[in-house]
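Beneath this line is the structure, given in structure tokens, with notes to follow.
A, B, ... follow the sequence lines: proteins, then strands. Residue 1 opens every chain.
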Amino acid sequence: MRVRFAPSPTGFLHVGGARTALFNWLLARQSGGTFVLRIEDTDRARSSEAMTGAILRGLEWLGIDWDEGPFFQSDRVGEHTAGGRKLLAGGHAYRDFSTPEELARDRANIAALAGEATRAARRRAEALAPGEAEERAAAGEPHAVRFLVPEGSTDWEDAVHGPMRFRNRDIDDLVILRADGSPTYNLAVVCDDAHARIDMVLRGDDHLSNTPKQILLARALGLPVPRFGHVPLILGRDGKRLSKRHGATDIAEYRRDILPEAMVNFLALLGWSPGDDREVMELDEIVRRFSLKRILHKGSVFDADKLAWLNGRHLSRMDLARLGSLVTPRLAEPSQAADAAVKDRPGWYDNLLDLLRTRARSLDALARNVSLYLPGEIAYEPKAVRKHWKRRAQVEEYLNALRRTLDCCEWQTEPLERALRSLAAELGVAAGRLIHPLRVALTGQAVSPGIFDVLYHLGRDLSLDRIDRALETLAAGETDSAPAAQAAAASGGG
RNA sequence: GCCCUCAUCGUCUAACGGCUAGGACACCACUCUUUCAAGGUGGCGGUCGGGGUUCGAUUCCCCGUGAGGGCGCCA
């Protein structure tokens, strides 16, 4: 099987485009076929090299590699034009001398005149005297060339939707060569697909009405007609085609938080289902199980929550070494310190990652959490402070006691736990009364892994430093971003 | 206006014409726990409407309704 992905570089790699690429790629990989990448850059004004680069990088990130290409449609305009001339010579097309005003009028009438407007250009051409078109063309008068849509109907067996039929009278006599002689999209696609020997065209539903045109063009050109399949579009929350106003549609915007395998998994499940309840899948499993027959016929809504969940699942099960290699470059600024820590204590780093990833859904957030265990200033989350450092005098007392107790403790989780718990017993308070303020002191947050794991991974020096720093902060009354309110509350309570 | 496609919990989805319409995300409880997450248990919640065909319809047919896509000398 030979399939292709043919984006136009007038924008970045769109989520919907990524899914189309993925489905084609899956087809190629599972059938031992060939995946061809073609950049449709014939709109010179709107295409850019930067966008081509963005598309290639997006595909690479997802792990979608191509066997042939990237080819550029603009490299073959000569062939496309020749195809157009051949159609004209063979009587499958005609010269259209319509003025812009006439075309505008046709367009305006399209609602009023039912289907009749689509043949307006043809009728004007037919009204010309015999030989007139050739004379005017020979005289150099600019004109477009339109495909002469034949009578009858155009049928195909859609790989997704099943039997499909368009009445040809509903199909426009589409322009194949513009007045400047340049070929248009449908002609170029037909020529290029045939040239690349594409035998299966799987693309978005938005191309459904192009398909009969392309079939007709291919037949008129004597080219083989590929199979076609049309995948429903990806929708936004409001049920409309996914666009910028629904949030991020550029695949690149997800690189910050999302694992490529999670994105691929998510995209595969959008409009396709393996048929059972399996949801979290690796690439090889998706390749193995993918099937055109199980592609849904309706559009599906992009659910960012489910993507985040899926990302969390992949974060939790992926190879730890690879996770490390993704997280390390994202660590907060003192990168030498981070690099050193990672290099000198690989076991420590892996354990820490393992500890933190079970509650992570985003790569970036995970990296921010990892950073807390490296030397550096931490910020106290206002919410955590409000909740666990409310009674300042008592918190200071507890932290001082903890500081003394932990200082002479062996730095392993069990001894640390014994020490803290016996201190709690000594003070006659529940362990939680010590643990929560301590967590804020150590991480600045109200949530973290188990406190003894936190202490252990922070290490003695950093832990004690953080407690000292917390005591200073408490003493200075700088425990909130709204110090006035906090101070008032604190003094009122004491 | 014309053409095309589609319709199962809020969302992603499963169900040879035949078990009480199943699972997942989200949400809500409970559980575990020093917190959060993860895990476990439970709950909420759906076949667009109307006609047929059939012993039996989410499934097949027709008609509505609704939604989406297309109707460029863009791709």
Using a cutoff of under 3.5 Å, can you pull out all pairs of nitrogen or oxygen atoms linking the protein to nucleotides 19-21 of chain B, with atom names and distances?
none

Inset, instruction - Using side-chain contact (heavy atoms from CB on, under 4.5 Å) as the criterion, list what pairs up with A:A188, not counting sequence neighbours. - result: A:Q73, A:H80
Legend entry - Set of residues satisfying ring-ring contact (aromatic ring centres under 6.0 Å, His included) with respect to A:F266, sequence neighbours excluded: A:F302
Inset, instruction - For A:F166, enumerate each residue passing the ring-ring contact (aromatic ring centres under 6.0 Å, His included) test, keeping only those at least two apart in sequence or located in another chain. - result: A:W156
Legend entry - Summary of protein contacts for nucleotides 28-39 of chain B, nucleotide by nucleotide, where a base hit scores B, a sugar-phosphate-only hit scores S (4.0 Å, heavy atoms): ------BBBBSS
Inset, instruction - Side chain of A:L296 only, please: which of B:rG68, B:rU13, B:rC73 is the nearest? - result: B:rU13
Legend entry - Counterpart residues, side-chain contact (heavy atoms from CB on, under 4.5 Å), relative to A:A441 (two or more places apart): A:W389, A:L399, A:A470
N/O contacts under 3.5 Å, protein versus nucleotides 5-7 of chain B?
residue	atom	partner	partner atom	Å
B:rU5	O3'	A:H161	ND1	3.2
B:rC6	OP1	A:H161	ND1	3.3

Inset, instruction - Applying side-chain contact (heavy atoms from CB on, under 4.5 Å), name anything that partners A:A104, two or more places apart in sequence or on another chain. - result: none
Legend entry - Proximity to RNA chain B (any heavy atom under 4.0 Å), residues of residues 39-47 of chain A only: A:E40, A:T42, A:D43, A:R46
Inset, instruction - Compare the minimum distances between each of B:rA14, B:rC25, B:rA75 and the side chain of A:R294, then state the nucleotide with the smallest one. - result: B:rA14
Inset, instruction - Take atom P in B:rA21 and the same atom in B:rC25, then report the distance between them in whole Å. - result: 22 Å
Anything under 3.5 Å between a donor and an acceptor, one on a side chain of residues 352-361 of chain A, the other on a protein residue two or more places apart or in another chain? List them.
residue	atom	partner	partner atom	Å
A:D354	OD1	A:R357	NE	3.0
A:D354	OD1	A:R357	NH2	3.2
A:R357	NH1	A:L315	O	3.0
A:R357	NH1	A:M318	O	2.9
A:R359	NH2	A:L355	O	3.4

Please tabulate the protein-to-nucleotide N/O contacts below 3.5 Å involving nucleotides 45-49 of chain B, giving atom names and distances.
none

Inset, instruction - Sorted by first residue and then second, give each salt bridge (charged side-chain N to carboxylate O under 4.0 Å, His left out) pair with at least one member in residues 4-16 of chain A; sequence neighbours left out. - result: A:R4-A:D193
